Amino acid sequence: MPFTCVLQQPTSPLMKARQCKHNSRNMKRSGDSEGEKRRKRRRLLQELGDQKIPFLGPSNRGFQQLWDSSYSGLVLRRSCSLPAELHARVQAALLTLRRKGCLLRDLVRVRDRDVFTAVSRALLGEAGHTYRYLDTRLFAIPWHSEEAEVKGQNCCDADLRAACKALWELNTFFCSDVSQLKESDRLAQCEKGEAEAKQGEEVDTESKHSEDSKNSEGGDSESRQSEEGDTESKHSEEWDIESKHSEEGCSGSKQEGEWETEVKHSSEEGESSQVKPSETLAAASSEHSEVKCPSWAAKAISGTETEPVGLGAQEKPVAQLKHSLSDYHIQDKEEHASGQGCSHPSPPQVCTGPVKFNVTLLNYMDPTSMSQLKEEPYYGMGKMAVGWHHDENLITHSPVAVYSYTCHDDKGETSEGGSGEKACWRIGLKVAWDIHTPGLMLPLESGDCYYMRDDLNSTHQHCVLAGDTARFSSTHRVAECSSGTLTYIQSRCQKALSNLHTDPETGSHSLVALLPTMLQHCEEIHNEVEFEWLRQYWFQGQRYTRFCSWWTGPMEQLENNWKLMETMTMLFLAAVEDEGQAEEGRREMAETLLSALTDRHQQRQTWRDRCHSSLAQTLPPEEAPADRPFWGVDDPSMPLPFDLSEIINRVESLLWRM
């Protein structure tokens, strides 16, 4: 047996090199980035000691000042500024999705461990779009917009189609509203620039007149300039001190009156419910202004939420901390580079032009069903439903729009006006890795919306603080989908399969070209189809096919393409083992094949472990990972076995003999 000794040597030097290369590539984010985050978190906590960082809520002095200076990318829309009909349709849609079982907890990957999300989720969006977070790809239930109805998509029942269409209408409203806010900001900047330019011209004119006057007055001008210079220097020092306090979030240099909360009202308190849907969406965007800070005094927020920690009590200890951790803000470059999990990620896109949200991630959580929620650790804001995070996998500087709806139960009874006071849901915001700038806590009433604009999502982190009642949220995003759409992966399959020739008479297969670069490209696509699409989809079981059949046909086609790629790998192996080929070419092909097979083998082992993990076993049958050929199920029709270790040893042995 020529391969006996090789089979006993799975850790040969060449194999070790391949494994190290694979581990270095695939573990970079979980190793380097996660390790770096943990180190910075420990350093931050050590520097804080037993202290809590201050945070401000609407009742605190300095709340509006802090919002304007450090959280200007956050915009709040009170529920009264949205059309009543839109509220009714959206809230009914959320309850329908909940009732039909579309909202499910995700089994995600965190620090190489599988964990269930605390919230139940579903993804809606443009047909064929996906959204990837925490190594999990969600597949969008398509919005059933008017355009989709024309195409005759009947992938789900009438109730679910109506629910999806209602959320598409909300998405249309958000796209229009956020784009108008961007245009308003642009016009304001232009007006400001023109005003400054005009003011500059006036100053130049006055300066010229003043110079002429000084020249005519003679000798006193020099001493007068010296006195003015001293005064200017003094004001400059005061500005530096004030600027420093502002950056560190301290209020020492401000007078009490200057820190009072400014109140801005929406332009209209309500909207007629008789307006047609199409007119409603257009009118709402133009007639309702955004609310930077609502009239908190007009309606007190009921509940037992954590009392905000003002600046006064903790200003001195926090100000005395020697180092700011803002230098250690993690941009998660590895995450951006990894994109949607493709082999060759595209350069990061930047959001320009009108906003077009392409997906919404729906969330549902009932705090009464949760046995234990973690306390917010840095500020003492209260119980967290979702911890501190940046939203992943978005177009750079793209906004996020969120609709919040709280209710007592699945029947949709609102949380307002109950027999007892209920703590409301809140969002917390902080500047990432900064212990000097106070945090911001914003209470949310049912139907409120908020936008995170510009670079807020990348420079800040946010969390969701639990109230006492159940809550839905619809979080609309511009997902980075350059490698996350069905169209994309289908085009990748076409490129790979273009190297496979099928004889029309016999049905036999052969490779068109044996160039190592072409073979490497095909094997990369092979891995991408298997690990980023098929395994991701079937790992989530039958959750999609139970209520929406849109993805069934496309995934079956992807599976057929994958089987053809398995055939291509078998043909590739035969070419490598063909002694009639030139040895130099065979060696290069063998190295390319060994790299691809090693990567595939290790990823298969990881997915098999995930499939049989204790957490996966707790899932109900309809949500448990489905048995497919690539799970290791015996399938005599497959050209290659699931376990690739023997084939890897064959290729490795061949390389040793060359």
Side-chain angles (χ1 to χ4, degrees), residues 18 21-22 25 128 340-346 482-483 485-535 553-601 603-604 628-630 635-642 644 646-655 657-658:
R18 297 295 181 189
K21 182 180 178 182
H22 168 83
R25 180 174 65 251
Q340 288 266 357
C342 60
S343 305
H344 299 284
S346 304
S482 61
S483 59
T485 64
L486 179 62
T487 302
Y488 160 81
I489 197 62
Q490 286 175 335
S491 68
R492 295 276 284 170
C493 288
Q494 289 175 3
K495 288 180 182 178
L497 295 177
S498 66
N499 196 42
L500 181 68
H501 173 71
T502 304
D503 189 295
E505 295 182 0
T506 64
S508 60
H509 299 292
S510 61
L511 295 176
V512 174
L514 289 174
L515 294 173
T517 52
M518 169 63 83
L519 298 174
Q520 180 181 358
H521 187 56
C522 291
E523 291 303 312
E524 286 175 350
I525 295 173
H526 185 168
N527 284 353
E528 185 177 1
V529 170
E530 179 173 341
F531 301 113
E532 284 299 326
W533 290 83
L534 294 176
R535 289 186 179 276
M555 297 311 293
E556 288 175 353
Q557 183 58 52
L558 278 181
E559 191 169 326
N560 290 333
N561 290 341
W562 171 79
K563 289 179 180 179
L564 289 174
M565 292 179 201
E566 287 280 291
T567 298
M568 292 176 71
T569 302
M570 182 189 67
L571 295 171
F572 191 2
L573 175 64
V576 167
E577 294 181 327
D578 182 5
E579 295 182 358
Q581 298 278 344
E583 183 170 314
E584 183 178 348
R586 287 174 65 207
R587 181 174 187 83
E588 190 174 358
M589 287 192 297
E591 289 176 344
T592 301
L593 180 60
L594 180 61
S595 177
L597 292 178
T598 303
D599 190 2
R600 189 173 306 151
H601 180 66
Q603 289 200 62
R604 282 182 177 179
R628 312 300 291 178
F630 36 80
D635 186 347
S637 69
M638 294 303 298
L640 291 173
F642 169 82
L644 296 171
E646 183 178 348
I647 296 176
I648 289 172
N649 285 329
R650 283 165 57 183
V651 177
E652 191 179 24
S653 175
L654 179 65
L655 282 167
R657 294 200 306 268
M658 286 183 179

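Any value given below was found using the heavy atoms of this structure, including those in side chains, with hydrogens, waters and symmetry copies removed. These numbers were taken from a predicted model, which means no experiment stands behind them.
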Heavy atoms only: give me the nearest [X]-[Y] pair and the separation to one decimal.
X	Y	value
C493	I525	N-CG2, 4.3 Å
K495	S498	O-OG, 2.6 Å
L486	P554	CD2-CB, 3.5 Å
L500	L571	CD1-CD1, 3.9 Å

Just wondering, do [Y] and [X] contact through their side chains at under 4.5 Å, heavy atoms?
X	Y	value
H601	I647	no
M565	E530	no
M568	L497	yes

Inter-residue atom distance [X].[atom1] - [Y].[atom2], 0.5 Å rounding:
X	Y	atom1	atom2	answer
I489	E528	CD1	CD	4.0 Å
L514	T592	CG	OG1	11.5 Å
L654	M589	CG	CE	9.5 Å
Q490	T485	CD	OG1	8.5 Å
N527	C522	CG	SG	11.5 Å
L558	W533	CG	CH2	7.5 Å

Between Q557 and N561, do the side chains contain a donor N or O and an acceptor N or O under 3.5 Å apart? yes
For L564 and H509, what are the C-alpha separation, side-chain angles and deciding distance, and is it a side-chain contact (heavy atoms from CB on, under 4.5 Å)? CA-CA 9 Å; L564 289 174; H509 299 292; 4.1 Å; yes
Chi angles and distances behind the side-chain contact (heavy atoms from CB on, under 4.5 Å) call for L519, L511: CA-CA 9 Å; L519 298 174; L511 295 176; 4.2 Å; yes
Evaluate E556 against E559 for side-chain contact (heavy atoms from CB on, under 4.5 Å), listing each step before the verdict. CA-CA 5 Å; E556 288 175 353; E559 191 169 326; 5.6 Å; no
Taking it one step at a time, do V529 and R492 satisfy side-chain contact (heavy atoms from CB on, under 4.5 Å)? CA-CA 9 Å; V529 170; R492 295 276 284 170; 5.8 Å; no
N-O pairing of E646 and R650 below 4.0 Å: no
